Amino acid sequence: MTDRIWLKSYPQGVPADIDASQYASVVEMMEESFKKYADRAAYSFMGKEQTYKQVDEFSQAFGAYLQGLGLVKGDRVAVMMPNVLQYPIAVAGILRAGFTLVNVNPLYTARELEHQLKDAGAKAIVILENFAVTLEKCLAATPVKHIVLCAMGDQLGLIKGALVNYVVRNKKKLVPAFSLPTAVRFNSALATGMGGTLKKVAIKPDDVAVLQYTGGTTGVSKGAVLLQRNLVANMLQAEVWNEPMLKKIPANQQMNSVCALPLYHIFAFTVGMMLNLRAGGKLILIPNPRDMAAVLAELSKHKIHTFPAVNTLFNGLANHPDFNKVDWSHLLVSPGGGTAVQGAVAKLWFEKTGCSICEGYGLSETSPIATSNPVTSKEYSGSIGVPVSSTWIKLLDDDGVEVPMGQPGEIAIKGPQVMAGYWQRPDETAKVMTPDGYFKTGDVGVVDARGFFKIVDRKKDMILVSGFNVYPTELEDVLATMPGVMECACVGIVDAKSGESVKLVIVKKDPALTEAQVREFCKENLTGYKQPKVVEFRAELPKTPVGKILRRELRDK
C-alpha cells in the first residue's frame, strides 16, 4: 500500500517517519542516557534502586571482563535470566563490548537450550543459578566455554542479598543442585572487570545486536537477526508513538514504567528496557508476574505511567482482589501485545484504571512493533491499529499479489525495524522475505478505509468446517464476553463429517458455569458452523512464559 492511507489516523504530533540514523547503535543511545541521567534511578527491583551511573559503571566492568576472556567483536553471548538487576547490566556490558546478545528463555528444557546455544554458536552464557541444572545437562554438547553464574540477591547489597539468596535456595528450594565447576560468580566477574578497562569498539548500524529466537511455536526455533539500526528504529518508533500521552508527565517528574513481561522477550526488551533508557525513566522489574498479589504489592509503592502487558496479565490483575490497592491515576499508556487483547478485558481495564489498552502488533522479526492503536484512543477498536511511523504494510494472496481492500490477505511488513533475516538460514529467510523487502508474517489480516488492520488469524490456526473458514480469535473474543468465563481458547479437531470441527476449552470464573449455558451462549452469538462440537473445562490453559496461549498444545492433546 504505497499511499499509506493510515497516516490520516495518526494522533496529532506523531510524524509519518522517524530518523533512525540519529544513533549509529543502541550503545550510542545507552551511553548518552547514562551520562544525561546519571543520578536518576534506572531500575527498581525488590525495593532496591540502581542509578544510571551505577548501570554505566557495572556494565563497563562486565564488558571489560568479557573482553578479557578473549572474546572478539561479534561473538555471541547468551543471557538466561528473568527480570533481575543483573539482566540490564549484562546486556549493556555485552553490547558495549561489541558482542551479540542471545536472549534465552529461562524456562527452556535442556533440549531447547542445547538447540539454541548450538544454533547461535554462543561462546559464553550469563545464567541465574535457579536454571543452572538445565545448562549442566546440555553443556558438553554446546560451544559454551565461559559461564557467569548469577544469584537472585547479587545486586541487593550484602545483608539483603544474602537473606534473599538464603530464602531462594533454602526456604523456597528454587535452586536445584548443580555442578558447573568452571562457572564464575557475577559479582566476581564485576570485580575482575573493575580492575580492567573496557576497550572501545566501533559499532556500526549494520552490526548484529541481538539474536532473538522465535518461540518455536511454528516449527524449529530460529534466530531473528536484529541489527543495531533495527533496535534503534523500533525504540524511536515507540517513543514518537507514545509521545502524545507521555508529554502529560509533569516536567519535574520521572517516567515510571512497569516491566512485568520477561526482558528476554522482544516486547519487554524494546518497549520496556530500551524505551525506558532512552527516556531516562525508572523501570520497575517484576521477576515473577504469575504471583499477582506480589506484583500488586510492589506496584502500590510507585506512581505508574506506562504498563506494557499481554491480555492474560491485564485480565488476571484486573480481576484480582488487591487491584485497587494500587494508585492507577497516573497511568497514561497501557500497550497490549504478544497476543490478541479481548474486548471484555479491554473494557474492564479501562473501567478500573481510566487508561485504555493500546493494542499493537509485531513479532520478534520486527523488533517487535509494527502496528499500534493510537495511544489517545479511549475505546477498544478490536483491531491491531495502524502501521507505526516509517512502516509499510500490504496484504498478500497465496501468489504474493496484493489483495483489494476489505479482502483478507497475509500481512507483509516493510520498515527499518524489520530483521536482516534468520541466523544462518538463508532458505528460511527466503521463504518469508519478498523481493521488494517485505516480511511475510504468516498472519492473515484485513484493512479498512482508515488504515486500521485486523487479524483474522494465523494461516495455520484457521479451522476449516465443511469448507467454511472459522477463525479462533473471533470465537475466543465472543466467548470472553460471557459472564463466568475467565479465559478460553478454540482449536480445530478432526471431524469425519465436516473435515474439522471446533473444540472450545474454557477456564471458569464462575464454578457454577455449565456446558449447557456455554452452548446456549454460542447459539445466540455464533452461526451454526462456528459453534463448538466439543466443550471442555480446564483449571488452566497452556501458555508460553509471555502469556500466549499455546493452541498447538490443546490440539495435540
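As the structure is a computational prediction, the values presented were derived from the model and not from experiment. When reading the values below, keep in mind they use all heavy atoms of this one structure, side chains included, and skip hydrogens, waters and symmetry mates.
- Crowding of Gln22 atom CD: a count of heavy atoms from other residues, nucleotides or ligands under 6.0 Å exceeding 12.
- With Thr391 contributing its side chain and Gly415 its backbone, the two residues share no donor-acceptor pair below 3.5 Å.
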Inset, instruction - Give the C-alpha distance, both sets of side-chain angles, the deciding distance and a yes or no for side-chain hydrogen bond (donor to acceptor under 3.5 Å, both in side chains) between Glu365 and Tyr422. - result: CA-CA 9 Å; Glu365 292 91 340; Tyr422 292 118; 2.5 Å; yes
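- A donor-acceptor contact closer than 3.5 angstrom is absent between the side chains of Asp207 and Gln228.
- The two residues Glu476 and Cys490 come nearest to each other via the heavy atoms OE2-N, 2.8 Å.
- For Thr109 and Glu112, the side-chain atoms include at least one donor-acceptor pair closer than 3.5 Å.
- Counting only distance, with no hydrogens or angles, the side chain of Arg76 and the backbone of Gly74 share a donor-acceptor pair below 3.5 Å.
- Here the closest non-hydrogen pair linking Asn373 and Ser381 is OD1-OG, 2.7 Å.
- When every heavy atom of Ser59 is checked against every heavy atom of Ala92, the shortest pair comes out as CB-CB, 3.5 Å.
- Taking every heavy atom of both residues into account, Pro542 and Glu553 meet most closely at CB-OE1, 3.2 Å.
- For the pair Leu275/Asn242, a side-chain contact is recorded, criterion being any heavy-atom separation below 4.5 Å from C-beta on.
- A 4.5 Å side-chain heavy-atom check between Leu526 and Val478 finds at least one atom pair inside the cut-off.
- Within the 4.5 Å cutoff, no side-chain heavy atoms of Leu475 are placed close to those of Leu504.
- The backbone N or O of Val341 sits less than 3.5 Å from a side-chain atom of Glu359, completing a donor-acceptor pair.
- Distance CE/Met274 to CG/Leu231: 6.0 Å, rounded to 0.5 Å.
- In this structure a side-chain-to-backbone donor-acceptor pair under 3.5 Å is missing from Ser25 to Lys204.
- A distance of 9.5 Å separates CD in Glu536 from CD1 in Ile493, rounded to the nearest 0.5 Å.
- Judged by distance alone, with hydrogens and angles left aside, the side-chain atoms of Asn230 form no donor-acceptor pair with the main-chain N or O of Ser367 at under 3.5 Å.
- For Asp427, the CG atom counts as densely surrounded, since its 6.0 Å shell holds more than 12 non-hydrogen atoms of other residues, nucleotides or ligands.
- Residue Lys454 places its NZ atom among 12 or fewer non-hydrogen atoms of other residues, nucleotides or ligands, all under 6.0 Å distant.
- Of all heavy-atom pairs spanning Pro106 and Tyr264, the tightest one is CD-CE2, 3.0 Å.
- Separation of atoms OG1 (Thr376) and CH2 (Trp241) is listed at 8.5 Å; rounding is to 0.5 Å.
- Between Asn234 and Thr366 there is no side-chain heavy-atom pair separated by less than 4.5 Å.
- Between Ile411 atom CD1 and Tyr361 atom OH the span is 4.5 Å, to the nearest 0.5 Å.
- Using a cut-off of 4.0 Å between Lys/Arg side-chain N and Asp/Glu carboxylate O, Arg450 and Asp448 are scored as salt-bridged.
- Within the 4.5 Å cutoff, no side-chain heavy atoms of Met273 are placed close to those of Asn276.
- What you find for Met81 and Val84 is that their closest heavy atoms are SD-CG2, 3.8 Å.
- Two residues are said to be in side-chain contact when any heavy atoms from C-beta on lie closer than 4.5 Å; Leu395 and Gln407 fail this criterion.
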Inset, instruction - Check step by step if side chain to side chain contact (heavy atoms under 4.5 Å, CB included) holds for Lys347 and Tyr380. - result: CA-CA 7 Å; Lys347 184 170 179 281; Tyr380 173 72; over 6 Å; no
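- Remark: the backbone N or O of Ile369 is paired with a side-chain donor or acceptor of Gln417 at under 3.5 angstrom.
- The residues Asp119 and Arg425 are annotated as salt-bridged, a charged nitrogen and a carboxylate oxygen being separated by less than 4.0 angstrom.
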Legend entry - Stepwise side chain to side chain contact (heavy atoms under 4.5 Å, CB included) test for Leu363 and Phe439: CA-CA 10 Å; Leu363 309 95; Phe439 164 68; 4.0 Å; yes
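- Within the 4.5 Å cutoff, the side chain of Leu317 has heavy atoms near those of the Phe307 side chain.
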Inset, instruction - Dump the intermediate steps for side chain to side chain contact (heavy atoms under 4.5 Å, CB included) on Asp436 and Lys394, then the final yes or no. - result: CA-CA 12 Å; Asp436 56 347; Lys394 55 186 179 181; 2.8 Å; yes
Inset, instruction - Just do the side chain to side chain contact (heavy atoms under 4.5 Å, CB included) check on Val14 and Ser389 with the steps written out, would you? - result: CA-CA 8 Å; Val14 175; Ser389 306; 3.8 Å; yes
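- Atom OG1 in Thr312 sits 8.5 Å away from atom CZ in Arg290 (nearest 0.5 Å).
- The main-chain N or O of Ala202 is found under 3.5 Å from a side-chain atom of Lys73 such that the two form a donor-acceptor pair.
- The pair Lys145-Asp75 does not meet the salt-bridge criterion, since no charged nitrogen lies less than 4.0 angstrom from a carboxylate oxygen.
- At least one side-chain heavy atom of Glu474 sits under 4.5 Å from a side-chain heavy atom of Lys530.
- Counting only distance, with no hydrogens or angles, the side chain of Asp397 and the backbone of Asp399 share a donor-acceptor pair below 3.5 Å.
- Note that NZ of Lys137 and CD of Glu114 are 12.5 Å apart. Values are rounded to the nearest 0.5 Å.
- Proximity of a side-chain donor or acceptor of Asn311 to a complementary backbone N or O of Val345 within less than 3.5 Å is not detected.
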